[in-house]
Amino acid sequence: MIVAQSADGGNAIQLFILIAALSLVPALLFTVTGFTRIIVVLGFIRTGLGTPTAPPNQVLVGIALFLTIFVMAPVFTDIKDNAIEPLTKNKITQTEALQAGQKPLREFMFRQTRTKDLALFLSLAKVKKPQTRADVPTYVLIPAFIISELKTAFQIGFLIFLPFLVIDLVVSATLMSMGMVMLPPTFISLPFKILLFVLVDGWDLVSRALVESFR
């Protein structure tokens, strides 16, 4: 009776841990992939255009999600071939599958992480200077990767924002010179910005730039 109760209690704890781990999976996927860079850049585009509700948040998140899947496809394929399939066929243990699965993710993060950001978190974690990449703990690599992604995203966003800013300045200066001070410049600049973005095929250019920025 006591043994049965203990087993039930142990199963309940394992189930709770599993549910808690599954709830963290989306957050982990968004932080160890290119999702952060892509969604921030798309947000810059919407802000630069001056259309706070178009595209809506759901559309931006959907675009960012599928661009992330496209960018991360080789990494996910590597994880599937070397970790998930051998585990399901009982060829490797769970520990070996975890190590094999995080290896391609770590390689991806190392390629996108700046040395300066990695050194910062190594010093904050008080980890002695690693000799190889294998010596860098994953809990140190992930925040360094996120900071690097944010910096890259803001650099791309700044370059995207400049043409829209130029249009706003030109329209504002023109209205001032014509004495039309009471007319909001956004009423005039918004159609021009949308027209410019459409004429240069902006979504194609941005998608190409984002995908190539990970290579």
Side-chain angles (χ1 to χ4, degrees), residues 21-49 51-52 54-85 97-122 124-125 130 133-134 136-164 197 200-215:
L22 288 176
S23 65
L24 293 175
V25 168
L28 286 174
L29 286 176
F30 290 158
T31 52
V32 301
T33 64
F35 183 84
T36 300
R37 181 190 305 186
I38 295 171
I39 193 66
V40 170
V41 170
L42 294 179
F44 267 105
I45 293 173
R46 188 171 66 177
T47 303
L49 283 171
T51 54
N57 290 332
Q58 295 88 340
V59 174
L60 286 186
V61 172
I63 294 172
L65 179 60
F66 283 99
L67 278 177
T68 302
I69 294 173
F70 181 81
V71 169
M72 301 296 297
V75 178
F76 292 154
T77 302
D78 197 349
I79 295 174
K80 174 178 172 291
D81 293 340
N82 298 317
I84 297 177
E85 287 189 354
L98 181 62
Q99 293 175 347
Q102 69 176 342
K103 183 179 178 181
L105 269 179
R106 281 172 57 90
E107 291 177 354
F108 171 80
M109 287 190 286
F110 271 119
R111 288 199 305 269
Q112 308 301 327
T113 303
R114 291 177 171 81
T115 305
K116 181 180 179 181
D117 296 327
L118 186 59
L120 169 64
F121 283 94
L122 284 171
L124 291 175
R133 288 182 172 182
V136 178
T138 303
Y139 73 88
V140 172
L141 176 60
I142 291 176
F145 168 75
I146 295 172
I147 295 300
S148 295
E149 285 293 281
L150 286 173
K151 184 173 182 179
T152 303
F154 272 74
Q155 289 175 339
I156 298 173
F158 173 76
L159 295 176
I160 291 173
F161 207 88
L162 278 179
F164 300 130
F197 194 71
V200 301
D201 201 1
W203 292 114
D204 180 89
L205 293 176
V206 171
S207 300
R208 182 187 300 273
L210 282 171
V211 171
E212 291 182 349
S213 69
F214 289 99
R215 295 175 179 173

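- Looking at heavy atoms from C-beta onward, Phe154 lies out of side-chain contact with Val41 at the 4.5 angstrom threshold.
- Just one residue in the list Ile45, Leu205, Leu42 forms a side chain to side chain contact (heavy atoms under 4.5 Å, CB included) with Ile160, and that residue is Ile45.
- Counting heavy atoms from C-beta on, the side chains of Met72 and Val75 come closer than 4.5 Å.
- When the shell of 6.0 Å around CZ of Phe214 is examined, it contains more than 12 heavy atoms from other residues, nucleotides or ligands.
- No side-chain donor-acceptor contact under 3.5 Å links Gln112 to the backbone of Phe145.
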Handout entry: Full working for side-chain hydrogen bond (donor to acceptor under 3.5 Å, both in side chains) between Arg46 and Thr51
Key = CA-CA 6 Å; Arg46 188 171 66 177; Thr51 54; over 6 Å; no

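- At least one side-chain heavy atom of Phe164 sits less than 4.5 Å from a side-chain heavy atom of Phe197.
- Looking only at side-chain heavy atoms (C-beta outward), Lys103 and Asn82 stay at 4.5 Å or farther from each other.
- Annotation: side chain of Phe110 is in contact with side chain of Val136 (closest heavy-atom distance under 4.5 Å).
- Closest approach of Phe35 and Leu65 over heavy atoms only: CE1-N, 3.8 Å.
- For the atom pair CG of Asp117 and CG of Leu150, the computed distance is 9.5 Å after rounding to the nearest 0.5 Å.
- Between atom CZ of residue Phe70 and atom CG of residue Leu210 there is a gap of 12.0 Å, rounded to the nearest 0.5 Å.
- Residues Ile147 and Phe121 are in side-chain contact: their nearest non-hydrogen atoms beyond the backbone lie under 4.5 Å apart.
- Nearest approach of Pro137 to Leu122, heavy atoms of both residues: CD-CD2, 4.5 Å.
- The OG1 atom of Thr113 sits 6.5 Å away from the CG atom of Leu118 when rounded to the nearest 0.5 Å.
- Remark: side-chain polar atoms of Asp78 are not paired, donor with acceptor, to backbone N or O of Pro74 under 3.5 angstrom.
- Annotation: the span from Thr68 atom OG1 to Arg37 atom CZ amounts to 10.5 Å, rounded to 0.5 Å.
- The backbone N or O of Leu141 sits nowhere less than 3.5 Å from a side-chain atom of Arg106 that would complete a donor-acceptor pair.
- A side-chain donor-acceptor contact under 3.5 Å links Arg114 to the backbone of Ser148.
- Expressed to the nearest 0.5 Å, how far CZ of Arg208 lies from OG of Ser213 amounts to 13.0 Å.
- Distance check: Ile39 CD1 to Leu67 CG gives 10.0 Å after rounding to the nearest 0.5 Å.
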